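Please read these numbers as outputs of a predicted model, since none were measured by experiment. Start at 1 with the first residue, then count along the sequence.
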Amino acid sequence: NQHSHNDNQTRNVCVEVDGEKTQLAIKELVLSPVSLAMMGEEFSSDCCVLVYAVDDTKSFALADTALAHLTSRDCLAGKSVILVGNKTDLARSRLVQAEESCDAAVMA
């Protein structure tokens with residue numbers, strides 16, 4: 001089942017932690033101004049993982065905006081949030097410094 005680049009994609013994954021199995025529903029959302037506006041309306045997840053590329057300041061800015069948007073709408077109260085810097089192996093082309101991403105994560 002193919003999805004367009006802007007569609008929500010949901011995958012169900014079974015994981016086992018400390019001998020206990022559980023089912024995770026992972027919703028992947030490509031961030032855009034439109035998807036950001038919809039995020040607060042339908043955000044019912046138990047946690048949120050925001051991924052950005054360390055060699056792309058625009059992707060970091062969008063992840064930071066999404067984090068601020070969800071925080072301001074009280075969508076993250078009592079939920080776990082993980083901010084992930086992807087492509088950390090590209091040290092020479094890194095544009096988003098670890099300190100900057102840590103500051104964004106702490107402010108949430």
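With sequence neighbours excluded, the residues satisfying side-chain contact (heavy atoms from CB on, under 4.5 Å) with Q23 are N12, C14. With sequence neighbours excluded, no residue forms a side-chain contact (heavy atoms from CB on, under 4.5 Å) with V17. By the side-chain contact (heavy atoms from CB on, under 4.5 Å) test, T65 is found to be paired with L36, residues two or more places apart in sequence or in another chain being considered.
Between L83 atom CG and F60 atom CZ the span is 6.5 Å, to the nearest 0.5 Å. One finds the CG atom of L70 at 9.0 Å from the NZ atom of K79 (value rounded to the nearest 0.5 Å). Separating the CG atom in L50 from the CG atom in N86 is a distance of 13.0 Å, to the nearest 0.5 Å.
Counting all heavy atoms, side chain and backbone alike, L76 lies closest to C48 at CD2-CB, 4.2 Å. Nearest heavy atoms, S59 versus A53: OG-N, 2.9 Å. V54 and K87 make their closest contact through CG2-O, 3.2 Å (heavy atoms, listed as atom of the first residue, atom of the second, distance).
For E20, the CD atom counts as loosely surrounded, since its 6.0 Å shell holds 12 or fewer non-hydrogen atoms of other residues, nucleotides or ligands.
V84 forms part of a hydrophobic cluster together with V49, V51, I82, judged by ILVMFWY side-chain heavy-atom separations under 4.5 Å.
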